[in-house]
Amino acid sequence: MPEHTPPGKGPLYAAGVALAIAVALPLLVSTYARRDPELAGIPFFFWYQFVLVLVSVALTSIAYWLVIGHERQRRRAAGLSTGGKGGKDGKDGER
(Lines give C-alpha, C1' and ligand atoms only; values in the text may rest on other atoms or scores of the structure.)
Protein backbone atom coordinates (compact mmCIF):
# COMPACT_ATOMS: atom_id res chain seq x y z
CA MET A 1 0.00 0.00 0.00
CA PRO A 2 1.57 3.34 -1.00
CA GLU A 3 2.29 5.90 1.69
CA HIS A 4 0.41 9.17 1.32
CA THR A 5 2.16 12.41 2.22
CA PRO A 6 0.23 15.10 4.08
CA PRO A 7 -1.14 17.84 1.81
CA GLY A 8 0.39 21.29 1.71
CA LYS A 9 -1.38 24.40 2.90
CA GLY A 10 -1.91 25.76 -0.63
CA PRO A 11 -5.62 24.87 -0.93
CA LEU A 12 -6.34 26.41 2.46
CA TYR A 13 -4.61 29.65 1.48
CA ALA A 14 -6.53 29.72 -1.81
CA ALA A 15 -9.80 29.19 0.07
CA GLY A 16 -8.92 32.06 2.39
CA VAL A 17 -8.21 34.34 -0.56
CA ALA A 18 -11.52 33.39 -2.20
CA LEU A 19 -13.41 34.17 1.01
CA ALA A 20 -11.50 37.43 1.50
CA ILE A 21 -12.51 38.55 -1.99
CA ALA A 22 -16.13 37.61 -1.31
CA VAL A 23 -16.08 39.76 1.84
CA ALA A 24 -14.06 42.68 0.45
CA LEU A 25 -16.01 43.27 -2.79
CA PRO A 26 -19.22 44.48 -1.10
CA LEU A 27 -17.16 46.74 1.17
CA LEU A 28 -15.85 48.75 -1.80
CA VAL A 29 -18.91 51.01 -1.84
CA SER A 30 -17.31 53.63 -4.08
CA THR A 31 -17.28 51.12 -6.94
CA TYR A 32 -21.07 50.81 -7.03
CA ALA A 33 -22.57 53.91 -5.38
CA ARG A 34 -24.10 55.32 -8.57
CA ARG A 35 -27.17 55.02 -10.81
CA ASP A 36 -25.59 54.68 -14.24
CA PRO A 37 -25.25 52.52 -16.27
CA GLU A 38 -28.76 51.10 -16.13
CA LEU A 39 -29.56 47.58 -17.26
CA ALA A 40 -33.13 47.18 -18.55
CA GLY A 41 -34.15 50.21 -16.50
CA ILE A 42 -32.57 48.87 -13.29
CA PRO A 43 -30.00 51.23 -11.73
CA PHE A 44 -26.40 50.03 -11.56
CA PHE A 45 -26.44 49.80 -7.76
CA PHE A 46 -29.15 47.13 -7.73
CA TRP A 47 -27.95 44.88 -10.53
CA TYR A 48 -24.36 45.13 -9.29
CA GLN A 49 -25.51 43.95 -5.85
CA PHE A 50 -27.21 40.98 -7.46
CA VAL A 51 -24.03 40.13 -9.36
CA LEU A 52 -22.07 40.40 -6.11
CA VAL A 53 -24.37 37.82 -4.52
CA LEU A 54 -23.73 35.41 -7.38
CA VAL A 55 -19.97 36.02 -7.26
CA SER A 56 -19.94 35.52 -3.49
CA VAL A 57 -21.83 32.23 -3.83
CA ALA A 58 -19.34 31.05 -6.44
CA LEU A 59 -16.31 32.06 -4.35
CA THR A 60 -17.73 30.48 -1.19
CA SER A 61 -18.44 27.25 -3.10
CA ILE A 62 -14.89 27.19 -4.44
CA ALA A 63 -13.52 27.72 -0.93
CA TYR A 64 -15.72 24.92 0.41
CA TRP A 65 -14.56 22.41 -2.19
CA LEU A 66 -10.91 23.37 -1.69
CA VAL A 67 -11.18 22.79 2.07
CA ILE A 68 -13.10 19.51 1.64
CA GLY A 69 -10.49 18.24 -0.83
CA HIS A 70 -7.70 19.21 1.53
CA GLU A 71 -9.42 17.46 4.43
CA ARG A 72 -9.83 14.27 2.37
CA GLN A 73 -6.13 14.31 1.47
CA ARG A 74 -5.17 14.94 5.09
CA ARG A 75 -7.35 12.07 6.31
CA ARG A 76 -6.02 9.74 3.60
CA ALA A 77 -2.43 10.59 4.61
CA ALA A 78 -3.28 9.87 8.25
CA GLY A 79 -4.83 6.52 7.30
CA LEU A 80 -8.36 7.54 8.27
CA SER A 81 -11.66 7.12 6.45
CA THR A 82 -12.12 9.76 3.75
CA GLY A 83 -15.88 9.95 3.87
CA GLY A 84 -19.09 8.38 4.97
CA LYS A 85 -19.53 6.20 8.01
CA GLY A 86 -17.38 3.33 9.05
CA GLY A 87 -13.91 2.42 10.08
CA LYS A 88 -10.45 2.90 8.68
CA ASP A 89 -11.28 1.29 5.34
CA GLY A 90 -14.57 3.15 4.95
CA LYS A 91 -16.75 0.05 5.27
CA ASP A 92 -19.72 0.22 7.61
CA GLY A 93 -19.39 -2.08 10.60
CA GLU A 94 -16.42 -4.05 9.22
CA ARG A 95 -12.95 -3.61 10.64
Side-chain angles (χ1 to χ4, degrees):
M1 185 167 213
E3 285 294 318
H4 296 283
T5 59
K9 300 273 188 205
L12 297 179
Y13 292 136
V17 168
L19 291 175
I21 292 170
V23 168
L25 279 177
L27 295 175
L28 301 172
V29 177
S30 62
T31 62
Y32 59 84
R34 58 181 189 254
R35 282 186 68 82
D36 294 326
E38 290 185 359
L39 181 65
I42 301 171
F44 178 75
F45 175 83
F46 293 108
W47 63 262
Y48 186 77
Q49 291 293 311
F50 183 71
V51 169
L52 280 180
V53 168
L54 297 177
V55 168
S56 295
V57 166
L59 289 171
T60 304
S61 297
I62 290 168
Y64 172 79
W65 290 111
L66 285 170
V67 170
I68 291 298
H70 182 270
E71 179 64 11
R72 284 189 181 138
Q73 288 178 349
R74 187 194 66 77
R75 291 180 63 82
R76 192 176 305 121
L80 302 171
S81 172
T82 57
K85 298 179 181 177
K88 182 175 178 179
D89 59 1
K91 295 180 183 173
D92 237 353
E94 298 177 29
R95 295 205 189 254

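As a basis for the values below, the full set of heavy atoms in this structure was taken, side chains included, without hydrogen atoms, waters or symmetry mates.
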Under 4.5 Å between side-chain heavy atoms, hopping through other hydrophobics if needed: is there a path connecting [X] to [Y]?
X     : Y     : value
Val55 : Ile42 : yes
Val17 : Leu66 : no
Tyr64 : Val53 : no
Leu28 : Val23 : no
Leu52 : Val29 : yes

| Test item: His70 side-chain N/O and Trp65 main-chain N/O as donor-acceptor pair under 3.5 Å |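 It does not hold such a pair.
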| task | Determine the sole option in Trp47, Phe46, Tyr48 for which the ring-ring contact (aromatic ring centres under 6.0 Å, His included) test with Tyr32 is passed. | result |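 So the option named by the test is Tyr48.
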| remark: In this structure, OG1 of Thr31 is separated from CZ of Phe44 (nearest 0.5 Å) by 6.5 Å
| request: Report the distance from atom CD of Glu71 to atom CG of Leu12, rounding to the nearest 0.5 Å. | output: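 CG of Leu12 is found 9.0 Å from CD of Glu71.
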| query | Heavy-atom distance under 4.5 Å between the side chains of Leu59 and Leu19, does that happen here? | reply |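 A side-chain contact is absent here, since even the closest heavy-atom pair is not under 4.5 Å.
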| Do you know which two heavy atoms are closest between Arg34 and Pro37, and how far apart they sit? |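 Where Arg34 meets Pro37 most closely, the heavy atoms are NE-CD, 4.4 Å.
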